[in-house]
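Notes follow once the structure below has been shown.
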Amino acid sequence: GAEFLTQLDGLETNRINQLLVRQTLQTTLDEHIFALGDCAACPWPEKNGFVPPRAQAAHQQAAHLYKQIHRRLAGKPLQDYRYRDFGSLVSLGEYSTVGSLMGALLGGTLFVEGLFARFMYVSLYRMHLYALHGLAKVVFDTLAKLIARRTEPRVKLH
């Protein structure tokens, strides 16, 4: 987390500047403040640790918190957040991608690599772009990339 989080009066942080939160994503010392993503140290009871600060965790927390704000405004009790680990993908260049997938679905991990992993990585990346920018921008950017063949970094970690 950012260093300024340690200077917020009345909030508790850990050694890597994350705000300590309860299962409801409320900070431990002030129930009116919520935190999520990289700046939150959210308990992961199933692993006796904390939810990893990854994009999929932040996405899940944002969706959960959206519902909880509506519950709170309606006067209903908050529900606990439960992290579901769907695995990780890492692109090691244009033709090399590896990952471990479906950790929550199989009870273990499924190692993937090669063309299948690359397809999954590109699909996930396009889904993120679609969520942020919409269909038209993703389609036109993809076409522009195919036509212009822009230079980009060969390695990108997610």
Side-chain angles (χ1 to χ4, degrees), residues 1-5 8 16-19 21-27 33-47 49-74 76 78-158:
E3 188 175 332
F4 80 88
L5 293 174
L8 295 176
I16 58 172
N17 304 335
Q18 294 174 313
L19 296 173
V21 298
R22 302 179 193 136
Q23 282 297 125
T24 57
L25 301 179
Q26 296 169 293
T27 57
I33 298 176
F34 294 82
L36 65 136
D38 294 348
C39 70
C42 181
W44 192 6
E46 294 83 7
K47 299 285 185 179
F50 294 97
V51 173
R54 300 193 312 208
Q56 70 171 299
H59 180 82
Q60 291 176 27
Q61 290 171 346
H64 177 79
L65 190 54
Y66 174 79
K67 294 174 187 172
Q68 298 316 300
I69 289 173
H70 284 285
R71 289 183 64 83
R72 185 161 185 175
L73 292 173
K76 297 178 182 176
L78 298 179
Q79 298 173 327
D80 286 348
Y81 164 73
R82 294 279 180 228
Y83 174 64
R84 297 184 326 166
D85 186 7
F86 295 110
S88 299
L89 288 169
V90 177
S91 175
L92 301 172
E94 193 168 330
Y95 300 104
S96 181
T97 304
V98 296
S100 63
L101 302 176
M102 299 176 238
L105 298 176
L106 297 176
T109 58
L110 174 66
F111 181 77
V112 293
E113 63 181 328
L115 189 59
F116 179 69
R118 179 73 180 164
F119 174 76
M120 293 184 72
Y121 177 85
V122 170
S123 298
L124 183 62
Y125 181 70
R126 297 278 184 244
M127 286 176 16
H128 285 290
L129 290 178
Y130 172 72
L132 289 172
H133 303 293
L135 181 62
K137 180 161 175 39
V138 172
V139 169
F140 289 127
D141 282 351
T142 303
L143 289 174
K145 182 178 179 180
L146 289 173
I147 294 168
R149 288 301 214 177
R150 298 184 301 194
T151 59
E152 294 181 341
R154 291 287 187 192
V155 176
K156 185 172 183 181
L157 303 176
H158 280 282

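Values below: all heavy atoms of this structure, side chains included; hydrogens, waters and symmetry mates excluded.
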>> Under the salt bridge (charged side-chain N to carboxylate O under 4.0 Å, His left out) definition, can you give me all pairs with a residue in residues 34-44, not counting sequence neighbours?
In response: none

>> Going by salt bridge (charged side-chain N to carboxylate O under 4.0 Å, His left out), name the pairs with one or both residues in residues 58-67, residues two or more places apart or in two chains.
In response: none

Validation row: [X], [Y] side chains within 4.5 angstrom (heavy atoms):
X    : Y   : answer
V112 : L89 : yes
R72  : Q68 : no
Y83  : E46 : no

> Closest approach of R54 and G87, non-hydrogen atoms and distance?
Replying inline: NH2-O, 3.7 Å

>> To check you understand the geometry: which heavy-atom pair defines the closest contact between P52 and A57, and what is its length?
In response: O-CB, 3.4 Å

Look up atom [atom1] in [X] and atom [atom2] in [Y], then write down how far apart they are to the nearest 0.5 Å.
X   : Y   : atom1 : atom2 : answer
I33 : T27 : CD1   : OG1   : 5.0 Å
K76 : H70 : NZ    : NE2   : 11.0 Å
Q60 : F86 : CD    : CZ    : 5.5 Å

>> So, using ring-ring contact (aromatic ring centres under 6.0 Å, His included) as the criterion, who are the partners of F111 when residues are at least two apart?
In response: none

> Got a sec, which residues hit ring-ring contact (aromatic ring centres under 6.0 Å, His included) with F34, two or more places apart in sequence or on another chain?
Replying inline: none

> Which residues satisfy the side chain to side chain donor-acceptor pair (under 3.5 Å) test with Q61, sequence neighbours excluded?
Replying inline: none

> How would you list, by chain and number, every residue that makes a side chain to side chain donor-acceptor pair (under 3.5 Å) with T24, sequence neighbours excluded?
Replying inline: Q26

> Taking only residues two or more places apart in sequence, or in another chain, which ones meet K137 in a salt bridge (charged side-chain N to carboxylate O under 4.0 Å, His left out)?
Replying inline: D141

>> Between Y81 and V51, does the side-chain contact (heavy atoms from CB on, under 4.5 Å) criterion hold? Intermediate values first, please.
In response: CA-CA 10 Å; Y81 164 73; V51 173; 4.1 Å; yes

With sequence neighbours left out, what residues match [X] under side-chain contact (heavy atoms from CB on, under 4.5 Å)?
X    : value
L135 : Y130, V139
L129 : Y125, R126, H133, V138
A40  : V21, A35
Q23  : P43, P45, D80, R82

>> I need the single residue from C42, P53, C39 that forms a side chain to side chain contact (heavy atoms under 4.5 Å, CB included) with Q18. Which is it?
In response: P53

